[in-house]
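A quick note: this is a predicted structure, and the numbers were derived from the prediction, not measured. Order of the sequence lines sets the chain letters (A, B, ...), proteins ahead of strands, with each chain counted from 1.
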Amino acid sequence: MTKQVLPLIEKIPQTILGFLESSPSCWSSSLSKTTQAHARILKSGAQNDGYISAKLIASYSNYSCFDDANLILQSIPDPNVYTFSSLIYALTKAKLYSQSLGVFSRMFSRGLIPDTHVLPNLFKVCAELSAFRAGKQIHCVACALGLDGDGFVQGSLFHMYMRCGKMGDARKVFDRMYNRDVVTCSALLCGYARKGCLEEVVRVLSEMESSGIEPNIVSWNGILSGFNRSGYHKEAMVMFQKMHHLGFLPDEIAVSSVLPSVGDSERLDIGRQIHGYAIKQGLLKDKCVISAMIDMYGKSGHVYGIIELFEQFELMETGVCNACITGLSRNGLVDKALEMFALFKEQKMELNVVSWTSIIAGCAQNGKDIETLELFREMQVAGVKPNRVTIPSMLPACGNIAALVHGRSAHGFAVRVHLLDDVHVGSALIDMYAKCGRINMSQVVFDMMPTRNLVCWNSLMSGYSMHGKAKEVMSIFESLVRTRLKPDFISFTSLLSACSQMPLEPDSCVWGALLNSCRLQNNVDLAEIAAEKLFGLEPENPGSYVLLSNIYAAKGMWAEVDSIRNKMESLGLKKNPGCSWIQVKNKVYTLLAGDKSHPQIDQITEKMDEISKEMRRAGHLPNLDFALQDVEEQEQEQALWGHSEKLAVVFGLLNTPDGTPLQVIKNLRICGDCHSVIKFISGYAGREIFVRDTNRFHHFKDGVCSCGDFW
DNA sequence: GTAGGGTTAG
């Protein structure tokens, strides 16, 4: 019997002592033994004894019967610290942290004083919940009770502050600890590395040396992983070299901890040296080393490195395959990545959420929007549950092609699995809704976020700016300035595109905006200046040539139009073909400008004729300023009717029930003629029509457009 | 009954 139990036993009546002296199996060898013991206790009237009830609580908790345990606690008229602490211990062990804290607060409010046994449990709870304030309060209680010199209390307290990232508090506890060993020192080293404090790391190392505590491989690996995980790449590489220099041979863990930093710094030279070292030490059998090495080559743009390592590694291991998919997509080889992914499926490889998210992100980042959505569906069919990384990876694809239905269902999923607290998920939703024309939903998502970072604010501002809502952008910017966050380049870009002060050196975006205003104002002279700047800044972008040519064409300056066309030809630049997308019944259809091979072309032409006649009858004439060829009027008119956004809208009219809103996206700017035709259709056909072009949103309703005919 | 190290997805 321990010292603590003996005084308790002296107070226990004789009948109860009988239970204690019987073998432990009588209490807790099975749940039924516990229930039997419970029944006997109730019969003997011993249930109100603090120690006996504590043992019962511990036994019930052992079988996760926390309700029974709680009931016992509540039924005792006069529970003691030991009774409460047995439940606190059990709940903490079962990771029911909030409940554990709840029991503690009940205990504390009854005036019971925590002891050196309860306190470590409480600090562990605070550590797991990152509940720094609660932890600090309990620390104060411990100090007031004079219990903060206890080794266990100090150890758990130190751990709690470390987990909460409070290095100052952790260090104060550390300095008072008498049982500092290599384990505690390693934890401290890792904590400082996570904060990027190279100086502190070096100081702790020298303190260890002077107090005769030798750092081991785990200490070094902790330093490496700490620096690496928080993005201190240079520091991670410095410490890797230092460790090697001091004679510690980096092992598998050291190598896989430092390689991500090497890749992020694009230090292919260092990466190759580590590769050589890994071969020499025989570390290339380890799956983490292989994946990290593949990842390093991928980040450094060395595709052959990826393939070579992948082919050398004999095992088909999920992590290694995932690293390959990411490495290939990162370097634009998304088709190759898709090919590999198909092969993995064929070979019945175990594909996890990282595998699916990797290929989904690869597709989304390489313009394969439709594939992205298909893979997202396929993933769920395969029984792999998307997570907080998958959702923000696939949402941009929904935004790009305005696949509102898919975006909404991803939103619904995020709600069901409680992902809305995540800033990445939130920002991606804000962006998706804005691009799908639902800026109000963007605002709703933003308003409901519990915490917001700069990306969330920027997404909302760029959303409003895309919708031409300058006032809103400015008022959001003002609110942003009132927070602790600091607006960055992106915030200012949204603000600038919404208003026109300009404290920065104009870049291609600004000159592009100016060129577009010249088109609106028919200002050829200024347009030529802006276009010249753009030709210098982005000589390979056909957009600025086309825009200037449009301005000439609108003024009937056909010689200038020709000269621009010749210039483009001599530079080998081609006008991007006009292309629009529309979603009909969950499927996205692509329509190309002037495409006469479309299966429904006859119906489309017929419908267009009908609309054209109706328009003429209503007094609208086609706006030939936007026809870009110097040809006869009738031909020009036909070219206008071949514009992809008109084709898409008419296609939508034909293939959806009356009254269904239509959603179209265009890869170029919408032309003025299309704008007035679509405005007309929205009234004539009674449809709400959303058209998103490369930089603006147009919401047509009852013959009017949200942009006020100015874009 | 406290306490240290790894890869691949945004």
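Looking at heavy-atom distances under 4.0 Å, A:Pro396 makes no contact with the nucleic acid at all. As judged by a 4.0 angstrom heavy-atom cut-off over every strand, A:Ser358 is placed among residues touching the sugar-phosphate backbone only. Across all strands, A:Gly222 comes closer than 4.0 Å only to sugar-phosphate atoms, never to a base (heavy-atom distances). As judged by a 4.0 angstrom heavy-atom cut-off over every strand, A:His424 is placed among the base-contacting residues. A:Asn121 comes within contact range of at least one nucleobase, with a heavy-atom separation under 4.0 Å. Note on A:Val153: nothing from the nucleic acid sits closer than 4.0 angstrom, heavy atoms only. At the heavy-atom level, A:Ile217 lies under 4.0 Å from base atoms of the strands shown. Counting non-hydrogen atoms under 4.0 angstrom, A:Arg229 reaches the backbone sugars and phosphates but no base.
At B:dA9, one or more side-chain N or O atoms of A:Arg330 fall inside 4.0 Å of OP1 or OP2 (strictly under the cut-off). The shortest distance between the side-chain N/O atoms of A:Gln365 and the OP1/OP2 oxygens of B:dG10 is below 4.0 Å.
Atom CZ of A:Phe341 and atom C1' of B:dA9 are 12 Å apart (whole Å). Here the C1' atom of nucleotide B:dG4 and the CG atom of A:Asn221 are 10 Å apart, to the nearest Å. Between the CZ atom of A:Phe376 and the C1' atom of B:dA9 there is a distance of 14 Å, given to the nearest Å. Nucleotide B:dG10 holds its C1' atom 15 Å from the CG atom of A:Asn366, rounded to whole Å. Taking atom NE2 of A:His159 as the reference point, atom C1' of B:dG5 lies 15 Å away to the nearest angstrom. To the nearest angstrom, P of B:dA9 lies 22 Å from NZ of A:Lys385. Distance A:Leu315 CG to B:dT7 C1': 15 Å, rounded to the nearest Å. One can place CH2 of A:Trp356 at 17 Å from P of B:dG10, the figure rounded to the nearest angstrom.
The side chain of A:Asp422 has B:dG10 as its nearest neighbour among B:dG10, B:dG4, B:dG5. Among B:dG4, B:dT8, B:dA9, the nucleotide with an atom closest to any side-chain atom of A:Val389 is B:dA9. Which of B:dG4, B:dT8, B:dT2 sits closest to the side chain of A:Ala323 comes down to B:dT8. Comparing B:dA3, B:dA9, B:dT7 by their nearest atom to the side chain of A:Thr326 picks out B:dA9. The side chain of A:Lys124 approaches B:dA3 more closely than any other nucleotide in the set B:dA3, B:dG10, B:dG6. Closest approach to the A:Lys299 side chain among B:dT8, B:dG5, B:dG4 is made by B:dT8 (side chain taken as heavy atoms from C-beta onward). Listed nucleotides B:dT7, B:dG4, B:dT2 differ in distance to A:Val218; the shortest reach to its side chain belongs to B:dG4. Candidate nucleotides B:dG6, B:dT7, B:dG4 were compared by shortest atom distance to the side chain of A:Val289, and B:dG6 ranks first. Side-chain proximity of A:Asp286 to B:dA9, B:dG6, B:dA3: nearest is B:dG6.
At a cut-off of 3.5 angstrom, the base of B:dG4 holds at least one donor-acceptor pair with the side chain of A:Asn216. Counting distance only, with no hydrogens placed and no angle test, the side-chain atoms of A:Asn228 and the base atoms of B:dG6 include no donor-acceptor pair under 3.5 Å. On a pure distance criterion of 3.5 Å, no polar donor-acceptor pair joins the side chain of A:Asp251 and the base of B:dG6. With hydrogens and angles ignored, no donor-acceptor pair under 3.5 angstrom links the side chain of A:Ser156 to the base of B:dT2. On a pure distance criterion of 3.5 Å, no polar donor-acceptor pair joins the side chain of A:Ser225 and the base of B:dG5.
For the atom pair A:Asn228 CG and A:Ser261 OG, the distance stands at 3.5 Å (nearest 0.5 Å).
Between A:His233 and A:Phe227, the distance separating the two ring centers is not shorter than 6.0 angstrom. The six-membered or imidazole ring of A:Tyr161 lies near that of A:His139, with a centre-to-centre distance under 6.0 Å. Here the two rings, on A:Tyr89 and A:His117, have centers that are 6.0 Å apart or farther.
Using bins of under 30°, 30° to 60° and over 60° for the plane-to-plane angle, the ring pair A:His302/A:Tyr304 lands in the perpendicular bin.
Remark: A:Arg180 qualifies as a cation-pi partner of A:Phe174 under the 6.0 Å distance and 45° angle criteria applied to the six-membered ring.
The one candidate from A:Met379, A:Met394, A:Gln380, A:Lys385 that meets the side-chain contact (heavy atoms from CB on, under 4.5 Å) condition with A:Trp356 is A:Met379.
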